[in-house]
Number of protein chains: 2
Amino acid sequence: MRPSTPLDRVAGAHDAAVLAVARRGEPVSRADLAEALGVTPQAISKILGRLMERGLMAGAGSIISGPGKPTTLYRIVPSSRRAIGLHLTRTRVRGVVADLTGEVVAHREIEIGHRQPVPELIETLAAQARELSGLGEGLLLGVGVGMPGPVDVASGVYRGTSAPDPWRGAEIRRMLVEALGMPVLLDHDSRAAIVGETWSQPGLLRNAALVLVEDGLGASLSLDGTIVRGAHSHSGEVGHTVVRMDGVACECGRRGCAQAEFMASLERGDVADAARVLATIVLDLVRLVDVDRVVLGGRTVYTHHEPMMEAIRGALEEGLREEPWVHVEVMLSTRGTDLIAVGAACEVLEHEYGLPTALVGPE
Amino acid sequence: MRPSTPLDRVAGAHDAAVLAVARRGEPVSRADLAEALGVTPQAISKILGRLMERGLMAGAGSIISGPGKPTTLYRIVPSSRRAIGLHLTRTRVRGVVADLTGEVVAHREIEIGHRQPVPELIETLAAQARELSGLGEGLLLGVGVGMPGPVDVASGVYRGTSAPDPWRGAEIRRMLVEALGMPVLLDHDSRAAIVGETWSQPGLLRNAALVLVEDGLGASLSLDGTIVRGAHSHSGEVGHTVVRMDGVACECGRRGCAQAEFMASLERGDVADAARVLATIVLDLVRLVDVDRVVLGGRTVYTHHEPMMEAIRGALEEGLREEPWVHVEVMLSTRGTDLIAVGAACEVLEHEYGLPTALVGPE
DNA sequence: TGACGTAACGCAACAGCGTTTGCTTATTCT
DNA sequence: AGAATAAGCAAACGCTGTTGCGTTACGTCA
């Protein structure tokens with residue numbers, strides 16, 4: 001089960017690193033890659049040899065930069081692999097096909113019936129995946145599913161809440177693998193989102209938080225280049241952080257939860273106050289884990305992103321006045337409404353990159 | 001500068017892992033270690049060979065466990081290496097000598113004058129270190145310094161606050177290296193603390209938070225076995241998390257900061273309310289990063305640890321009622337008042353273990 | 001036009017990791 | 001005493017990236 005030798009992991013990590021650099025789009029030279037990975041150019045030749053044999057990379061001509069042999073350039077081959085990403089919510093499923101670089105090459109969205117029973121839900125997801133599997137080129141690696149609420153990534157089970165919930169305890173991954181016969185991965189929406197965002201800004205989100213505003217509030221973290229999953233794959237649930245003692249009643253039974261306050265403010269049209277709630281959470285989070293980038297994403301945030309980002313920037317500037325060396329960049333997600341679906345697809349692609357994932361196939 | 005081959009890192013990681021297992025105290029067999037590291041017993045022989053050559057481990061007899069050749073046991077040699085740890089506050093310096101297992105073999109505490117100028121401070125620290133250097137056995141690896149407030153670990157500089165602060169911008173590491181002629185490491189107190197605690201509970205704190213209550217409030221994280229340091233080595237500052245909008249005025253200029261509320265409650269003897277503040281922070285933190293262990297430490301907390309821990313346990317039970325699979329263990333630090341000093345010493349020891357640290361020596 | 005310097009690159013030998021295979025050693029059981 | 005069992009060692013192996021050296025392809029200058 002375990003890879004025969006730890007050298008595999010060295011190689012895997014280097015392969016993944018080269019692909020990550022190449023994913024930025026620009027053709028790269030051996031020297032660039034050697035610099036980026038901290039290995040000799042000769043090692044890069046071997047790594048590129050492996051990747052080219054798998055069809056993931058290809059030569060991209062050469063440039064003359066003075067005397068001497070011209071530099072040979074290499075590029076990633078986007079169409080060599082692809083993955084399907086599904087974003088599941090209570091009311092709809094958004095699906096995308098992403099190529100090896102994480103670019104969306106196709107998308108579909110369907111509405112689903114309220115409180116759909118599990119077998120029907122699986123069939124809906126499978127049908128969506130089958131339709132998408134005909135789109136795009138390259139070897140199809142599998143299906144990633146991102147959904148809100150507690151998810152056990154290792155087992156691929158949706159844990160559900162104690163409130164009446166028809167999907168509670170559903171073995172979504174196992175059932176989808178059986179229905180589709182291809183590898184499937186299940187993850188929490190906020191974590192899928194940060195993976196997707198990390199892919200579209202390679203190298204920039206080593207220490208970053210992604211604040212996700214969908215039906216609830218989520219926040220996922222990338223610290224030191226690693227996505228935080230937590231002891232029970234339960235990280236990211238900031239929705240019930242209390243921001244106002246004795247505030248608005250929340251469905252969780254308490255008062256002043258961030259997501260209750262946020263939604264209540266939005267409903268009564270007080271965008272400024274909703275933004276304030278968001279800003280409070282972000283500032284606390286920056287203080288705790290010291291991220292230098294905060295990305296805002298999720299369906300609910302796009303309509304009001306300007307005042308929200310301004311509020312967050314203001315709160316950070318105000319709150320970090322004593323620590324001027326701490327600069328935090330606040331930005332909007334580059335993925336739009338595809339964010340979570342494409343993130344789930346990227347998690348599948350990471351498996352091909354040689355990174356550890358919870359992707360599990362049939363048999 | 002860079003290690004000649006990545007194989008060094010494989011070896012280094014394995015060496016460190018073996019030492020981490022051996023640190024638990026019980027003698028271990030080749031088979032135990034092979035199981036723990038996920039490598040073959042044959043590889044363990046090679047790893048142990050390296051470690052024994054360096055004097056870090058030694059044989060510990062053999063036991064007969066049925067038919068066949070008896071199992072040879074190995075143990076760590078605590079007295080083979082040692083490190084000095086200094087815990088610097090505004091009023092005193094606590095120093096310890098820790099052996100290779102992170103056990104304290106000696107400690108000293110001295111008071112320091114209020115608002116001591118930097119050159120004097122360095123001489124105080126150096127004198128403390130020189131005195132400690134005569135205690136304990138084994139090769140002295142260096143000095144670790146843990147202190148509150150913003151610290152730039154990479155450069156070894158205390159950044160200070162914008163309030164009048166005589167130590168602001170002091171190049172503490174460089175000056176200490178020059179004064180002592182041995183490697184020195186400077187880190188934030190809350191991070192030193194979690195390193196110290198991780199050492200005394202090997203393997204148990206893979207996903208843990210350490211809440212430090214000294215003059216201020218701190219919280220450091222160990223996620224997936226890695227200590228969170230942040231983009232500007234500024235993680236852990238939860239003291240100014242707002243828990244009560246329009247609460248007690250804080251020296252930072254805002255109202256309702258956790259540490260202001262906590263201290264105000266303590267001063268008027270309302271331990272229950274102070275505990276509530278702590279519990280709020282812990283619950284939010286658990287929701288965000290999903291740690292399964294919370295350790296309480298720091299001078300201020302020991303006198304009231306019972307009600308504080310109960311309050312935290314209560315808040316967690318209450319707040320996680322919907323997620324019964326999330327169990328969080330709440331415990332008191334095992335290090336007592338040595339916590340930060342010993343943690344700083346452990347950070348120095350980690351360098352010998354082959355782990356990356358900010359330990360920098362002379363020349 | 002041709003010799004020379006330069007820079008990128010490939011081939012081959014190398015060091016070091018853990019793995020595999022086969023043998024040796026030390027104990028218990030028959 | 002002899003067989004069975006389990007631990008440990010030694011050597012060969014596969015794999016990584018590194019090092020050293022030769023080859024290729026370009027610009028420059030006589």
Side-chain angles (χ1 to χ4, degrees), chain A residues 1-19 21 27-54 57-75 353-355, chain B residues 1-19 21 27-54 57-75 353-355:
Chain A
M1 192 68 236
R2 189 169 41 76
S4 56
T5 148
L7 297 188
D8 294 355
R9 275 185 229 174
V10 173
H14 281 170
D15 292 2
V18 166
L19 288 170
V21 173
V28 286
S29 68
R30 277 203 334 162
D32 296 341
L33 291 166
E35 171 76 27
L37 301 212
V39 298
T40 54
Q42 192 53 40
I44 299 294
S45 291
K46 293 190 181 180
I47 294 167
L48 284 173
R50 291 196 297 262
L51 293 172
M52 288 168 74
E53 194 170 10
R54 287 165 66 196
M57 294 203 63
S62 57
I63 49 165
I64 43 179
S65 53
K69 185 171 178 175
T71 306
T72 317
L73 296 178
Y74 301 88
R75 62 177 181 85
Y353 273 52
L355 301 171
Chain B
M1 192 69 236
R2 187 169 43 76
S4 57
T5 149
L7 299 187
D8 295 354
R9 272 185 232 175
V10 174
H14 280 169
D15 292 2
V18 166
L19 288 170
V21 173
V28 286
S29 67
R30 278 199 340 158
D32 295 342
L33 290 167
E35 170 75 28
L37 300 214
V39 299
T40 55
Q42 192 54 36
I44 299 294
S45 292
K46 293 190 181 178
I47 295 168
L48 283 173
R50 292 196 296 262
L51 293 173
M52 287 167 76
E53 195 169 11
R54 286 164 66 195
M57 294 202 64
S62 59
I63 49 164
I64 44 181
S65 54
K69 184 171 177 175
T71 307
T72 318
L73 295 179
Y74 300 88
R75 63 177 181 83
Y353 273 52
L355 300 170

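Bear in mind the structure is a predicted one, so any value in this text is a computation, not a measurement. In what follows, chains are A, B, ... by sequence order, proteins preceding strands, each numbered from 1.
- Rounded to an integer number of Å, the gap from B/D8 CG to C/dC17 P is 7 Å.
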Contact pattern, 5' to 3', of nucleotides 3-11 of chain C - B, S or - by protein heavy atom under 4.0 Å: --BBBBBBB
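- Taking atom CG of A/L37 as the reference point, atom P of D/dT16 lies 15 Å away to the nearest angstrom.
- B/T40 has a side-chain polar atom (N or O) that falls below the 4.0 Å cut-off from OP1 or OP2 of C/dT19.
- Shown here are the side-chain contact (heavy atoms from CB on, under 4.5 Å) partners of A/A16, two or more places apart in sequence or in another chain: A/Y353, A/L355.
- With sequence neighbours left out, the side chain to side chain donor-acceptor pair (under 3.5 Å) criterion links B/T72 to no other residue.
- The separation between B/I63 atom CD1 and D/dA6 atom C1' is 13 Å, rounded to whole Å.
- Annotation: side-chain contact (heavy atoms from CB on, under 4.5 Å) contacts of A/R50 (sequence neighbours excluded): A/A11, A/D15, A/I47.
- For A/T71, there are no side chain to side chain donor-acceptor pair (under 3.5 Å) partners at least two apart in sequence or on another chain.
- Remark: P of D/dT16 and CD1 of A/I44 are 14 Å apart, rounded to the nearest angstrom.
- For the pair A/H14 and D/dT16, the criterion of a side-chain N or O lying under 4.0 Å from OP1 or OP2 is not met.
- In this structure, the side-chain contact (heavy atoms from CB on, under 4.5 Å) partners of A/A17, at least two apart in sequence or on a different chain, are A/L37.
- Atom CZ of A/R9 and atom P of D/dG17 are 15 Å apart (whole Å).
- Nearest approach of B/P41 to B/A34, heavy atoms of both residues: N-CB, 3.8 Å.
- When the side-chain nitrogen and oxygen atoms of B/R50 are compared with OP1 and OP2 of C/dG18, one or more of them lie within a distance under 4.0 Å.
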